[in-house]
Amino acid sequence: MDGQTLTNANILACLESSLISLDPFEPANLKLAHYRLRASQLWRPSLQFPDGSHDRSLVHDFQDGPFLFAPKEYLIVTPVEHITIQANLVGSVLPASTLIEQCFILTAGKIDPGYGRIGDRQQDFVMGLANLLDEPNWFHPDRGIANISFVDFRGSPVLPTQWTVYERRSFRNRERLLRAADDGPFYEEDSWSEEG
């Protein structure tokens, strides 16, 4: 049996059994086979590290309303929802079609089982949002940012997978940077091991 895309009824059942967590969950955003994610905050990438990742700083919180992007500006966006997936489920994220009319483009990916609580730490899903215009452009968060659908591989033969050291370090650093932006202090490396 190949992976099967979950319907809204399947997604609700997975939410009720804690196989999927969307926090906060807004029932009106649950559609036939996906959930509409909402934009929470914008982050500006800055200093690039030797591993290719970037430091980032908080630019805007959408609780304050829309945001005016500069021409061709690229920022990192985090959703309102904290997403956690268990078992052999995978989350696939696609740009919302409303971005077409707003003249924005989104880069996004997938969420693997275990993501969201690696090493007993919260990881926020990040996406890239860019203004395609050669002029300033307002982004209105109430029009949606992305859609997440879930593919179920629980009945399929799968091989075990593990997070690499690089992935765990990247998730740890992302969580540390987001915490620092939320409450101010810079967080030093802590006891979360490379194996954790």
Verify the cluster assignment for [X] and [Y]: are they in a single hydrophobic cluster under the rule of side-chain heavy atoms below 4.5 Å apart?
{"X": "F69", "Y": "L133", "value": "no"}
{"X": "Y74", "Y": "L68", "value": "no"}
{"X": "F62", "Y": "V80", "value": "no"}
{"X": "L19", "Y": "L12", "value": "yes"}

Check [X] against [Y] and note the closest heavy-atom contact, atom names and distance.
{"X": "F104", "Y": "F139", "answer": "CZ-CB, 3.6 Å"}
{"X": "T98", "Y": "G144", "answer": "OG1-O, 3.9 Å"}
{"X": "W43", "Y": "R56", "answer": "CB-CD, 3.9 Å"}
{"X": "P95", "Y": "N147", "answer": "O-ND2, 4.2 Å"}

Just say parallel, tilted or perpendicular for the rings of H60 and F67, cut-offs at 30° and 60°.
->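 Tilted.
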Q63 atom CD, over 12 foreign heavy atoms within 6.0 Å =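 Open: at most 12 neighbouring heavy atoms sit under 6.0 Å from CD of Q63.
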If you define the side chain from C-beta out and look only at heavy atoms, does anything of [X] sit under 4.5 Å from [Y]?
{"X": "S92", "Y": "S149", "value": "yes"}
{"X": "V77", "Y": "L106", "value": "yes"}
{"X": "D134", "Y": "K72", "value": "yes"}
{"X": "S21", "Y": "I83", "value": "no"}

Sorted by first residue and then second, give each salt bridge (charged side-chain N to carboxylate O under 4.0 Å, His left out) pair with at least one member in residues 78-100; sequence neighbours left out.
->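 Output for this query lists R38-E81.
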Members besides I105 in its Ile/Leu/Val/Met/Phe/Trp/Tyr cluster (side-chain heavy atoms under 4.5 Å) |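 Cluster partners of I105: L132.
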Quick one: list whatever passes salt bridge (charged side-chain N to carboxylate O under 4.0 Å, His left out) with K31, sequence neighbours left out.
->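 Checked K31 against salt bridge (charged side-chain N to carboxylate O under 4.0 Å, His left out); zero matches.
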Please determine which of T107, V93, L75, T78 meets the side chain to side chain contact (heavy atoms under 4.5 Å, CB included) test together with M127.
->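 Result for side chain to side chain contact (heavy atoms under 4.5 Å, CB included) with M127: V93.
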Reference residue I148; test side chain to side chain contact (heavy atoms under 4.5 Å, CB included); the match among L37, N29, I20, I11 =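 Only one of L37, N29, I20, I11 forms a side chain to side chain contact (heavy atoms under 4.5 Å, CB included) with I148, namely L37.
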Quick one: do F150 and Y35 satisfy ring pair (Phe, Tyr, Trp, His ring centres under 6.0 Å)? Show the steps, please.
-> CA-CA 9 Å; F150 300 94; Y35 181 86; 8.3 Å; no
Main chain of [Y], side chain of [X]: is a donor-acceptor contact present, judged purely on distance under 3.5 Å?
{"X": "R36", "Y": "A96", "answer": "no"}
{"X": "N10", "Y": "C14", "answer": "no"}
{"X": "D152", "Y": "L89", "answer": "no"}

Mind running side chain to side chain donor-acceptor pair (under 3.5 Å) on D51 and S53 for me, showing each step along the way?
-> CA-CA 6 Å; D51 66 359; S53 64; 2.6 Å; yes
Report the C-alpha distance between D61 and Q41 in whole Å, list the side-chain angles of each, state the deciding distance to 0.1 Å, and finish with yes or no for side chain to side chain donor-acceptor pair (under 3.5 Å).
-> CA-CA 4 Å; D61 190 311; Q41 295 177 324; 3.2 Å; yes
Point-to-point distance, once rounded to the nearest 0.5 Å, from CG of L30 to CG of N8 |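 Nearest 0.5 Å value for the CG-CG distance: 5.0 Å.
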E73/R44 salt bridge by N-O under 4.0 Å criterion =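 So R44 pairs with E73 through a salt bridge.
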